[in-house]
Amino acid sequence: MDILIRRVKPTEYDALGEITAQAYLKDGLLHFGESDWYLGELKDVAKRAAAADVLVATRGEHLLGGVTFVPSGGPMADIARPSEAEIRMLAVAHEARGRGAGEALVRACVDRARATDGCVRVVLSTQRTMHSAHRLYERLGFVRVPERDWNPIPELDDITLLTYELTL
């Protein structure tokens, strides 16, 4: 059975929030672990869905992962400029990794960006340690843009997010 990409249903908010939170926790991506403030943001799918497009990857009835697509500088954007879309919070359940769900989610975001009037670029932020994600982005044509790297918590100087972009 193929992977289907669609909008998240409200009945799936909690499950996707948990998949996203566990992906970040198990990969050691939260600076403060279980007490990290960002964990609440990762779990709050309802908030994201109210401000952006939250997409899920499913196989049959099984939820594999999800991503937040922010079209043209919407309120969920961290780094997107006018005429750019942003990909945020890409996560795939550990047991579903390596089967194409992450790639399908990124491709769906790129397709949405191409269908968005005036959108010329897709941008995203990633942590230095997300090596498999970097390989995926580069395979899909994204390039590093070091001059746009940024720190979401300026008082902690060891948290710099890398920026990638894809010109459409």
Nearest atoms (heavy-atom pairs only) where L55 meets C109: CD1-SG, 4.2 Å

Tightest non-hydrogen contact, residues C119 and A85, listed as SG-N, 3.6 Å

Residues that Y137 engages under ring-ring contact (aromatic ring centres under 6.0 Å, His included), provided they are two or more places apart: F142, Y164

To the closest 0.5 Å, what do you measure between CE (M130) and CG (L161)? 8.5 Å

Would you compute the distance between atom CD1 of I5 and atom CD of E103 and round it to the nearest 0.5 angstrom? 10.5 Å

On a heavy-atom basis, which atom in G65 and which in L105 lie closest, and how many Å separate them? C-CD1, 3.9 Å

For residues 100-131, which residue pairs pass the ring pair (Phe, Tyr, Trp, His ring centres under 6.0 Å) check, not counting sequence neighbours? H131-H134

CA sep, side-chain torsions, deciding dist, call: W150, T160, side-chain hydrogen bond (donor to acceptor under 3.5 Å, both in side chains): CA-CA 5 Å; W150 65 290; T160 297; over 6 Å; no

Could you give me the CA-CA distance, side-chain angles and deciding distance for L64 and T58, then say whether side-chain contact (heavy atoms from CB on, under 4.5 Å) is met? CA-CA 5 Å; L64 306 175; T58 62; 5.6 Å; no

Starting at CG of D111, measure out to CZ of F69 and round the result to the nearest 0.5 Å. 9.5 Å

Taking only residues two or more places apart in sequence, or in another chain, which ones meet E18 in a side chain to side chain contact (heavy atoms under 4.5 Å, CB included)? Q22, K43

Rounded to the nearest 0.5 Å, the CG atom of D2 sits from the CZ atom of R59 at a distance of 7.5 Å

Any side-chain hydrogen bond (donor to acceptor under 3.5 Å, both in side chains) pairs touching residues 62-74, not counting sequence neighbours? R48-T68

For S83, give me all partners under side chain to side chain contact (heavy atoms under 4.5 Å, CB included), at least two apart in sequence or on another chain. V120

Side chain to side chain donor-acceptor pair (under 3.5 Å) with E84: which residues, sequence neighbours excluded? R121, R148

Any chance you could lay out the side-chain contact (heavy atoms from CB on, under 4.5 Å) test for R128 and L162, step after step, and finish with the verdict? CA-CA 7 Å; R128 292 182 188 281; L162 308 181; 3.6 Å; yes

Which atom pair, heavy atoms only, marks the closest approach of G102 to L90? O-CD1, 4.2 Å

Give me the other members of the hydrophobic cluster that Y13 sits in, counting Ile, Leu, Val, Met, Phe, Trp and Tyr linked by side-chain heavy atoms under 4.5 Å, directly or via other members. V8, L16, I19, V45, V54, V56, L63

My understanding is that only residues two or more places apart in sequence, or in another chain, count here; which of them pass side chain to side chain donor-acceptor pair (under 3.5 Å) with E165? none

For I3 and G100, which heavy atoms make the closest approach, and how far apart are they? CD1-C, 3.6 Å

Do E86 and I79 touch side chain to side chain, with heavy atoms closer than 4.5 Å? yes

Under the salt bridge (charged side-chain N to carboxylate O under 4.0 Å, His left out) definition, can you give me all pairs with a residue in residues 67-79, not counting sequence neighbours? D78-R88

Quick one: side chain to side chain contact (heavy atoms under 4.5 Å, CB included) partners of A51, sequence neighbours excluded? P75, M76

Sequence neighbours excluded, the answer for side chain to side chain donor-acceptor pair (under 3.5 Å) partners of R97 is D27

Can you list everything that forms a side chain to side chain donor-acceptor pair (under 3.5 Å) with R7? Sequence neighbours excluded, please. D53

Shortest non-hydrogen separation from L42 to M89 and the atoms involved: CD2-CG, 3.9 Å

Applying side-chain contact (heavy atoms from CB on, under 4.5 Å) between V122 and each of T167, L168, L140, V70, report the one that passes. L168

